[in-house]
2 protein chains.
Amino acid sequence: MASVGRVTPQTMHFDEPLPLRSGASLPSYSLVYETYGRLNAERSNAVLVCHALNASHHVAGVDERGATGWWDNLVGPGKPLDTERFFVIGVNNPGSCFGSTGPTHLNPATGKAWGADFPVVTVEDWVDAQVRLVERLGIPKLAAVLGGSLGGMQALSWAMRHPERLEHCIAVATAPNLSAQNIAFNEVARRAIVTDPDFHGGHFYEHGVVPKRGLRVARMIGHITYLSDDAMEAKFGRELRAAELGYSTQEIEFQIESYLRHQGDKFSAYFDANTYLLITRALDYFDPAREHGGKLAAAFAPARDKRFLVVSFTTDWRFSPARSREIVKALVDNRIAVSYAEIAAPHGHDAFLLEDPRYHQAMRAYFETVAARVGAVKTEAAHV
Amino acid sequence: MASVGRVTPQTMHFDEPLPLRSGASLPSYSLVYETYGRLNAERSNAVLVCHALNASHHVAGVDERGATGWWDNLVGPGKPLDTERFFVIGVNNPGSCFGSTGPTHLNPATGKAWGADFPVVTVEDWVDAQVRLVERLGIPKLAAVLGGSLGGMQALSWAMRHPERLEHCIAVATAPNLSAQNIAFNEVARRAIVTDPDFHGGHFYEHGVVPKRGLRVARMIGHITYLSDDAMEAKFGRELRAAELGYSTQEIEFQIESYLRHQGDKFSAYFDANTYLLITRALDYFDPAREHGGKLAAAFAPARDKRFLVVSFTTDWRFSPARSREIVKALVDNRIAVSYAEIAAPHGHDAFLLEDPRYHQAMRAYFETVAARVGAVKTEAAHV
């Protein structure tokens with residue numbers, strides 16, 4: 001299938017401060033975004049894609065650095081989210097390190113990098129920022145908001161906070177909040193980062209260093225939780241790197257060690273430590289049921305006339321199917337239209353990014369109904 | 001039930017070098033051990049208890065510092081492993097930091113602490129060192145060798161390597177080798193330690209520092225894997241430390257964070273970083289099937305006339321019941337007498353240290369048959 005081809009990110013600046021859930025506000029900010037396909041005359045075919053921890057606005061196509069978008073297998077001409085029918089928007093969230101205003105940018109109050117002083121942002125804050133972008137793009141109502149993992153939380157939050165601005169919510173491999181174990185893994189990753197002497201309390205930019213040690217460990221922990229036990233066993237098992245054991249506590253013996261170290265090294269070379277803290281905290285804080293006395297169904301009440309697709313993967317132990325079923329139950333309790341697909345896939349949490357036929361067929365079928373409902377008609381224009 | 005009371009560790013020195021699996025050898029070494037109960041006249045009632053990662057020879061009773069033994073709920077007068085019938089030995093392994101020769105001790109070749117130069121020790125090496133201790137104690141054959149987790153691996157290794165020296169093998173919450181995911185968690189913990197600038201390549205003693213940051217992170221990771229997801233949820237859930245959210249990436253918000261940090265701090269104050277590396281590596285390396293072309297049954301062939309008890313816990317995701325069943329299958333394939341108890345317990349891997357009634361009943365029943373078989377008769381002497 002074709003790709004959306006070469007894409008160029010755009011930037012939208014917002015002078016109006018963004019009020020945040022913490023009580024603070026972001027004085028002014030820019031959002032970087034990409035779009036694929038064409039907005040139809042009725043402005044009814046727009047789909048917003050929300051990103052997870054290590055992702056950005058660059059959802060599909062190939063950017064100026066030759067990098068392919070993180071959900072390119074899903075989004076493009078003829079793909080499940082078909083850019084010949086839909087106008088797709090990928091947006092980078094504030095606090096990120098991929099272009100939108102974040103900790104590496106200048107704090108207007110000090111003239112120095114925000115660093116650890118960047119305000120704590122939540123899923124709700126991101127959604128509110130995205131609403132402004134969608135408004136500026138002249139879209140009164142989105143055909144759908146779609147996201148996986150932390151992106152799925154944003155999609156759910158859209159439906160709860162701004163139900164008048166979307167028709168469909170598609171939440172993949174996500175949860176209504178983090179479990180204690182989820183928070184625990186986040187906390188270990190954060191401790192690894194903030195106790196790295198190169199972190200300097202989050203103001204490492206001024207010291208010309210990067211807390212790479214902490215970032216590496218954080219990423220290694222993350223990777224373990226993205227893969228299923230079985231997938232890791234199938235891919236690496238106890239395979240040795242050399243023919244013989246070397247009997248060393250510090251050298252690599254097993255292929256899984258080599259893989260994890262490589263992932264850690266790669267990540268620490270580009271990801272911002274303060275962004276890691278902010279994004280894991282946004283995950284921890286997301287808990288829409290809290291302000292309704294723990295009743296998730298009450299949180300979904302404003303979304304009564306919306307339609308949902310919830311997707312989970314059998315081997316995802318980070319956000320297990322049981323967590324998705326909590327969402328489905330809360331929707332059903334509200335008599336909200338919800339389709340639920342529990343996909344038998346071996347890859348763990350990572351499955352939501354992979355091209356599994358049953359998963360993609362479920363997504364394709366759902367987007368076909370979305371297209372029919374919002375009048376998203378196939379055009380030739382998006383062919384590359 | 002009574003305790004074995006006040007106990008005093010003893011030390012046995014060995015001048016004969018211990019050949020190691022790596023090809024190196026430990027030139028001379030001391031083992032610290034404790035004993036509970038009395039060796040009978042036939043010397044047939046001795047049970048050796050092998051320890052796991054964060055444990056020692058101090059299995060039962062109260063030591064000179066007032067600390068209760070790590071398996072005191074299981075071992076004592078009238079307890080499942082009844083010290084009125086059995087003579088129980090707890091031994092600290094070489095490479096540990098609880099008394100037996102380890103990285104904090106002097107390397108005779110340099111006159112400095114061994115540090116990272118302490119030879120890499122394996123489960124098999126520990127077992128061979130324990131055999132010498134048991135010989136010196138004048139015990140021709142153990143009634144049983146018992147261990148949980150890494151201790152269970154030692155019990156299995158005893159049965160394979162020295163079947164003539166034991167009658168029963170009791171392996172609790174263990175596995176025939178580590179999975180890729182198990183190794184992955186160990187590797188992250190090790191990277192956290194060795195990349196701590198205070199580690200100094202393992203020679204931090206000379207620098208008067210301790211890689212506490214790395215040890216903390218290592219311990220936090222470990223703790224997550226010891227508890228079941230459900231147990232963590234039941235104990236902490238999303239409970240906040242304060243009444244209100246503080247919106248901070250570095251301060252504690254959730255009780256689970258507070259708990260993990262506390263565990264990490266405590267551990268880093270007493271545990272040796274080089275020992276952590278050595279013990280996690282011993283876990284990684286254990287794989288008795290490897291030298292038999294991956295056939296675990298072949299590895300157990302020498303233990304044909306031994307008797308086994310294998311115990312697992314339903315919510316243990318570190319060493320799941322499936323891994324215990326691999327052991328059971330390999331034993332059954334050899335027509336070896338094996339009892340298997342899969343205990344429904346909510347606590348995860350930690351369950352093997354806890355006082356679960358069904359678990360302790362299974363242990364008690366098994367030790368009663370062991371006692372009958374080896375002629376371990378109840379005495380009054382051990383009452384305290």
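Order of the sequence lines sets the chain letters (A, B, ...), proteins ahead of strands, with each chain counted from 1. Computed from heavy atoms alone, side chains included, the values below leave out hydrogens, waters and symmetry copies.
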| Given the rule in the side chain to side chain contact (heavy atoms under 4.5 Å, CB included) test, do A:Arg261 and B:Glu187 qualify, once you have shown the distances and angles that lead to the verdict? | CA-CA 9 Å; A:Arg261 288 198 198 181; B:Glu187 172 66 1; 2.6 Å; yes
| Greatest number of heavy atom pairs closer than 4.5 Å to chain B - which of A:Leu278, A:Asp198, A:Asp287 |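 Top count of heavy-atom pairs under 4.5 Å with chain B: A:Asp287.
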| request: Count the heavy-atom pairs under 4.5 Å between each of A:Ala282, A:Ala192, A:Ser248 and chain B, then report the option with the highest count. | output: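 Highest number of pairs under 4.5 Å: A:Ser248.
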Among the listed options [options], the residue most often paired with chain A at heavy-atom distances under 4.5 Å:
options	value
B:Lys235, B:Lys212, B:Glu233	B:Glu233
B:Ile224, B:Ile256, B:Asn182	B:Ile224
B:Gln250, B:Arg281, B:Arg216	B:Arg281
B:Val217, B:Val194, B:Asp229, B:Ile221	B:Asp229
B:Gly264, B:Ala116, B:Ala184	B:Ala184
B:Arg213, B:Met232, B:Arg21, B:Glu239	B:Arg213

| request: Assess whether atom CD of A:Glu206 is packed by more than 12 heavy atoms of other residues, nucleotides or ligands within 6.0 Å. | output: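 Enclosed.
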| said: Under the criterion side chain to side chain contact (heavy atoms under 4.5 Å, CB included), I'd like the reasoning laid out for A:Arg290 against B:Leu240: C-alpha separation, chi angles, the key distance, then a yes or no. | reply: CA-CA 12 Å; A:Arg290 183 187 290 273; B:Leu240 296 177; 3.4 Å; yes
Proximity breakdown for [X] and chain A, heavy-atom pairs closer than 4.5 Å:
X	value
B:Phe185	both
B:Tyr276	neither
B:Leu20	neither
B:Gln255	neither
B:Arg190	side chain
B:Asp284	both
B:Thr122	side chain
B:Leu245	side chain

Under a 4.5 Å heavy-atom cut-off, does chain B meet the side chain of [X], its backbone, both or neither?
X	value
A:Leu277	both
A:Phe199	side chain
A:Ala24	neither
A:Asn186	neither

| message | Over 60° means perpendicular and under 30° means parallel, so tell me whether B:Tyr285 and A:Phe254 are parallel, tilted or perpendicular. | response |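 It falls in the tilted class, 30° to 60°.
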| task | Mark yes or no for whether B:Arg238, through its side chain, and A:Leu178, through its backbone, hold a donor-acceptor pair below 3.5 Å. | result |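 Answer holds: yes.
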| query | Are any non-hydrogen side-chain atoms of B:Glu257 and A:Arg191 less than 4.5 angstrom apart? | reply |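 A side-chain contact under 4.5 Å is absent here.
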| Note, B:Gln181 side chain near A:Trp317 side chain (heavy atom, < 4.5 Å) |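 With C-beta onward as the side chain, the pair touches.
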| task | Taking all non-hydrogen atoms of both residues into account, name the closest pair between B:Gly237 and A:Ala180 and its distance. | result |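 Reported closest heavy-atom pair: O-CB, 3.4 Å.
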| said: Ignoring hydrogens, what is the shortest heavy-atom contact between A:Val188 and B:Met220? Give both atom names and the distance. | reply: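 Minimum heavy-atom separation between A:Val188 and B:Met220: CG2-CB, 3.6 Å.
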| field | Euclidean distance, B:Thr195 OG1 relative to A:Asp196 CG, rounded to 0.5 Å | value |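 Rounded to the nearest 0.5 Å, the CG-OG1 separation comes out at 7.5 Å.
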| Could you state the interatomic distance from CD1 (A:Ile279) to OG1 (B:Thr249), rounded to the nearest 0.5 Å? |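 If we round to the nearest 0.5 Å, A:Ile279:CD1 and B:Thr249:OG1 are 12.0 Å apart.
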